[in-house]
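Inspection log for the structure reproduced underneath, given as structure tokens.
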Amino acid sequence: MEPGGQDINLNSPNKGLLSDTMTDVPVDQTGCRVPADAAGAGLPEGLTDAEVEELQADLAKVEEEILTLRQVLAAKERHSAELKRKLGQTTLNQLKANLSKGLHEVQMSTAYVKTSEKFGEWNEKVTQSDVYVKTSEKFGEWNEKVTQSDVYKKTQETLSTAGQKTSAALSNVGSVISRKLGDMRNSATFKSFEERVVGVKPRVSTDSNEENGSQRLHSPDQSQDSAPF
């Protein structure tokens, strides 16, 4: 036996027997062990045993219905996902549709319309306020002073001069290239090359004519080949 009074040896003849320290474990009328929390808790105040049993039966029924509804909902969600897949309604397309729908609902909402109206009224008040008018006038005066200042005029003249110089430089480059091409064509080397190219063409034509004439002289008379023996 162990010091605690219970024999935990599986081969012992005292196996399964409760010790003296466990004789106070609560049991119900059928001899089954009652949980400690249930054993220590009494009946709710104002309820009889029959009412407690009826409430427990209702609770079990409701929990069973909840479980059934969860299973039905899961089956419906699977069926809905399958239908969407067949229709080509991907998650991204569905997200875009939901965003568009949500944006449309926001724009059509009363709060959005009232906010837009308030913003329009506020913008109108701002543009007509003395501060806005004075600021616009000050900005116009500042712009006029800047455009009429010596720094602005000098900068504009500098940019204009730079543009003119750039155009003149490009024009000069084109003129130089054209002049160089003209000088190269008028050079003795280019003329000699041109004369050689021009002289090759008549010589090629003469050689071709002589070759054709030689072939005619050496070819047999076709009338002799067709004459009968």
Side-chain angles (χ1 to χ4, degrees), residues 59 62-63 65-201:
L59 178 60
V62 171
E63 290 180 348
E65 291 176 353
I66 291 173
L67 180 60
T68 303
L69 291 174
R70 287 177 178 174
Q71 294 174 352
V72 172
L73 178 61
K76 293 291 185 182
E77 289 178 348
R78 289 193 298 270
H79 185 58
S80 175
E82 182 66 18
L83 293 176
K84 290 179 180 179
R85 185 186 65 80
K86 292 181 179 180
L87 292 173
Q89 297 180 1
T90 61
T91 305
L92 181 59
N93 293 335
Q94 188 175 1
L95 179 61
K96 291 180 179 180
N98 292 336
L99 290 176
S100 299
K101 182 179 179 181
L103 180 61
H104 179 70
E105 290 177 353
V106 169
Q107 292 177 348
M108 297 300 294
S109 63
T110 305
Y112 182 85
V113 174
K114 289 183 178 180
T115 303
S116 299
E117 293 176 354
K118 290 293 183 182
F119 183 79
E121 294 175 359
W122 175 80
N123 188 28
E124 185 177 359
K125 289 180 180 180
V126 168
T127 54
Q128 293 179 358
S129 63
D130 295 336
V131 176
Y132 182 85
V133 173
K134 290 181 179 179
T135 303
S136 300
E137 293 176 353
K138 290 292 183 181
F139 183 79
E141 294 175 358
W142 175 81
N143 188 27
E144 185 177 359
K145 290 180 180 179
V146 169
T147 55
Q148 293 180 358
S149 63
D150 295 337
V151 176
Y152 181 85
K153 291 180 179 180
K154 289 181 179 180
T155 303
Q156 191 174 15
E157 291 176 357
T158 302
L159 293 175
S160 178
T161 304
Q164 293 176 359
K165 290 182 178 180
T166 303
S167 300
L170 293 176
S171 178
N172 292 333
V173 170
S175 300
V176 170
I177 293 174
S178 300
R179 186 171 63 253
K180 290 293 182 181
L181 290 175
D183 295 342
M184 184 179 67
R185 187 168 184 177
N186 293 327
S187 63
T189 303
F190 185 83
K191 289 183 177 180
S192 176
F193 176 75
E194 186 176 12
E195 291 174 355
R196 290 179 183 179
V197 172
V198 173
V200 169
K201 184 175 180 181

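What you see is a predicted model, and the numbers here were worked out from it, not measured in a lab.
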Checklist entry - Is there a side-chain contact between Leu99 and Leu103 (heavy atoms, below 4.5 Å)? => result no

Checklist entry - For Val62, what residues pass the side-chain contact (heavy atoms from CB on, under 4.5 Å) criterion, not counting sequence neighbours? => result Ile66

Checklist entry - Mind checking what makes side-chain contact (heavy atoms from CB on, under 4.5 Å) contact with Ile177, not counting sequence neighbours? => result Val173, Leu181

What pairs of donor and acceptor atoms, side-chain ones from residues 112-126 against any protein atom, are under 3.5 angstrom apart with sequence neighbours left out?
residue: Thr115; atom: OG1; partner: Ala111; partner atom: O; Å: 2.6
residue: Ser116; atom: OG; partner: Tyr112; partner atom: O; Å: 3.0

Item to check | Partners meeting side-chain hydrogen bond (donor to acceptor under 3.5 Å, both in side chains) with Thr90 (sequence neighbours left out) | outcome: Asn93

Using residues 155-165 as the side-chain source, report each donor-acceptor pair under 3.5 Å to any protein atom, sequence neighbours left out, with the distance given to one decimal.
residue: Thr155; atom: OG1; partner: Val151; partner atom: O; Å: 2.8
residue: Thr158; atom: OG1; partner: Lys154; partner atom: O; Å: 2.7
residue: Thr161; atom: OG1; partner: Glu157; partner atom: O; Å: 2.8

Checklist entry - So, for Gln148 and Lys153, which heavy atoms are closest and what is the spacing to 0.1 Å? => result O-CE, 3.6 Å

Next on the checklist: If you compare all heavy atoms of Thr127 against all heavy atoms of Val133, which two are closest, and at what distance to 0.1 Å?
Outcome noted: O-CG2, 4.1 Å

Item to check | All pairs passing salt bridge (Lys or Arg N to Asp or Glu O under 4.0 Å) where residues 83-111 contributes a residue, at least two apart | outcome: Glu82-Arg85

Item to check | Sidechain-backbone polar pair: Ser171 side chain, Ala168 backbone, donor-acceptor under 3.5 Å | outcome: no

Donor-acceptor pairs under 3.5 angstrom involving side-chain atoms of residues 67-79: please list them, not counting sequence neighbours.
residue: Thr68; atom: OG1; partner: Glu64; partner atom: O; Å: 2.9

